[in-house]
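Heavy-atom basis, side chains included; hydrogens, waters and symmetry copies ignored. Here the structure is a predicted model, which is why all the values come from computation and not from measurement. We count ligands from 1, going down the list as the structure has it; atoms in each ligand are counted the same way.
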Amino acid sequence: MMNRLGDKVAIVTGAASGIGAATVEKFLAEGAKVLATDVNEAGLSRLMESDRDSRLALRSGSVAERADVETIISECVTRFGRLDIVVNSAGITPRTLPPEADIEERWDAVMDINAKGTFLMCHSAVERMRQSGGGSIVNLGSIMSLVSYPTTLPFSDGFSPYPQSKGAVLQLTRDMGIRLAAENIRVNAVCPGFVYTALTENVTETPEVHETMKALHPMGRMAEPSEIANVIAFLASDEASFVTGAAWTVDGGYTAA
Ligand SMILES: NC(=O)c1ccc[n+]([C@@H]2O[C@H](COP(=O)([O-])OP(=O)(O)OC[C@H]3O[C@@H](n4cnc5c(N)ncnc54)[C@H](O)[C@@H]3O)[C@@H](O)[C@H]2O)c1
């Protein structure tokens, strides 16, 4: 076990599932204290089942609600005394929504959680990080921050708000990254290819779609959540001390092809 985050306190959003849950595990293994947060309380509680020690705290809440965001951040500071790292992994796709949701409801829900949720967490976190003299924020962008859905995939008709929301996350990352660079607060985006999580479950269950998704990555496969969490841990750590405003692809070559 390494101890790259031994003196750090982190908040991980979207922690009940997928990349967020894998990030909580990785951060604990690297010695961090972690406040894990999500709207899914049952999923959050499962993190405690493998209870290791008092370095993990849970708080439910929505990143799209400003009052919840402020509660999450102050709870972290009350519990662990400071805030050094935020990982914004809470996110949805329109596929998460009921099929009857119309285009405006899809736009609002996806932008609210993916873009506004990331923005609100960053805004409140930076206030606290200034008090500790610095920090590191890692936002979950996507390959869809950088390129559009290929036409070979059946789940976008060109009106999915998902790429737009992830484009916003990347621009927020760049703008904040340069504005905060002189204050020792680094802001980076991880841009994963397709990952096996709840988010992709309802498309990978169709074998032909699954094969198309795998083939879009030159490595010929999709990622496991831990492969994204490993890069998040690096960017969060002091080893990435000269990395800010960056879009860090973790995509098996997808965007290079
Ligand atoms: N899975 C992929 O292929 C993939 C690829 C690129 C980027 N991403 C991004 O990575 C992030 C994590 O996705 P994942 O694949 O682990 O998905 P996931 O569905 O497994 O986990 C997302 C978590 O976010 C939580 N969440 C949803 N709305 C919330 C809200 N309002 N407040 C707090 N939490 C909320 C969900 O309850 C869930 O636990 C997302 O931002 C996603 O867009 C995923």
Is it true that Ser165 lies under 4.0 Å from ligand 1, counting heavy atoms only?
no
Please determine whether any non-hydrogen atom of Met144 lies less than 4.0 Å from an atom of ligand 1.
no
Within the 4.0 Å heavy-atom shell around Ile19, which atoms of ligand 1 are there?
10 (O), 16 (O), 44 (C)
Could you pull out, from Gly117, Gly61, Ala189, the option with a heavy atom nearest to atom 33 (C) of ligand 1?
Gly61
Against heavy atoms of Ala90, which atoms of ligand 1 measure under 4.0 Å?
24 (O), 33 (C), 34 (N), 35 (C), 41 (O)
For ligand 1, the portion of Met222 having any non-hydrogen atom under 4.0 Å away:
neither
Which of these passes side chain to side chain donor-acceptor pair (under 3.5 Å) with Tyr196: Arg221, Glu227, Glu224, His210?
His210
Between Tyr162 and ligand 1, does any nitrogen or oxygen pair lie at a separation below 3.5 Å?
yes
Looking at ligand 1, would Thr13 count as a contact under a 4.0 Å heavy-atom criterion?
no
One should read off an interatomic distance between Ile72 CD1 and Glu65 CD, to the nearest 0.5 angstrom, of 10.5 Å
Heavy-atom contacts with Ala198 under 4.0 Å: which atoms of ligand 1 show up? List them by number with element.
19 (O), 20 (O)
Mind checking whether Val63 contacts ligand 1 via backbone (N, CA, C, O), side chain (CB onward), both or neither, at a 4.0 Å heavy-atom cut-off?
both
Kindly give the heavy-atom pair with the smallest separation between Ser145 and Lys166, and that separation in Å.
OG-O, 2.9 Å
Leu140 neighbourhood, listing ligand 1 atoms whose heavy-atom distance to it stays under 4.0 Å:
10 (O), 11 (C), 41 (O)
Within a distance under 4.0 Å of any heavy atom of Gly14, pick out the atoms of ligand 1 and give their elements.
23 (C), 24 (O), 25 (C)
Answer with yes or no whether the hydrophobic clustering places Val195 together with Ile232; edges join I, L, V, M, F, W, Y residues whose side-chain heavy atoms lie under 4.5 Å apart.
yes
Can you check whether Thr197 has an N/O within less than 3.5 Å of an N/O in ligand 1?
yes
Say whether, by atom type as modelled, one donor and one acceptor occur between the side chain of Ser160 and the main chain of Ser156 under 3.5 angstrom.
no
For Ser17 and ligand 1, does the shortest N/O to N/O distance drop below 3.5 Å?
yes
If you compare all heavy atoms of Ser45 against all heavy atoms of Leu58, which two are closest, and at what distance to 0.1 Å?
CA-CD1, 4.0 Å
Say whether Thr173 and Asn139, considering side chains only, have a donor N or O and an acceptor N or O under 3.5 Å apart.
yes
Under 4.0 Å from any heavy atom of Ala16, which atoms of ligand 1 are there?
39 (O)
Contact partition for Tyr196 relative to ligand 1, non-hydrogen atoms under 4.0 Å
neither
Within-shell test, Pro225 vs ligand 1, heavy atom, strictly < 4.0 Å:
no
Is the closest N or O pair between Val195 and ligand 1 shorter than 3.5 Å?
yes
Proximity to ligand 1 by part of Val39, non-hydrogen separation under 4.0 Å:
both
Check against salt bridge (Lys or Arg N to Asp or Glu O under 4.0 Å), Arg79 and Glu75:
CA-CA 6 Å; Arg79 175 74 190 262; Glu75 171 118 352; over 6 Å; no
Taking only heavy atoms of Gly193, which atoms of ligand 1 are found under 4.0 Å from at least one of them?
3 (O), 5 (C), 6 (C)
Would you mind running through ligand 1 and noting each atom that sits below 4.0 Å from a heavy atom of Gly18?
16 (O), 20 (O)
Lys166 versus ligand 1: do any nitrogen or oxygen atoms come within less than 3.5 Å of each other?
yes
Applying a strict 4.0 Å limit to heavy atoms, is Ser89 in contact with ligand 1?
yes
Closest to atom 31 (N) of ligand 1 among protein heavy atoms sits Ser62 OG, 3.0 Å
Quick check on Ala21 - does any of its heavy atoms sit under 4.0 Å from an atom of ligand 1?
no
Can any side-chain N or O of Arg55 pair as donor or acceptor with the backbone N or O of Val34 at less than 3.5 Å?
no
Lys26 and its side chain to side chain contact (heavy atoms under 4.5 Å, CB included) partner, picked from Asn230, Leu5, Ile228, Val12
Asn230
Side chain to side chain contact (heavy atoms under 4.5 Å, CB included) with Ile137: of Val126, Asn188, Ile85, only one passes, and it is Val126
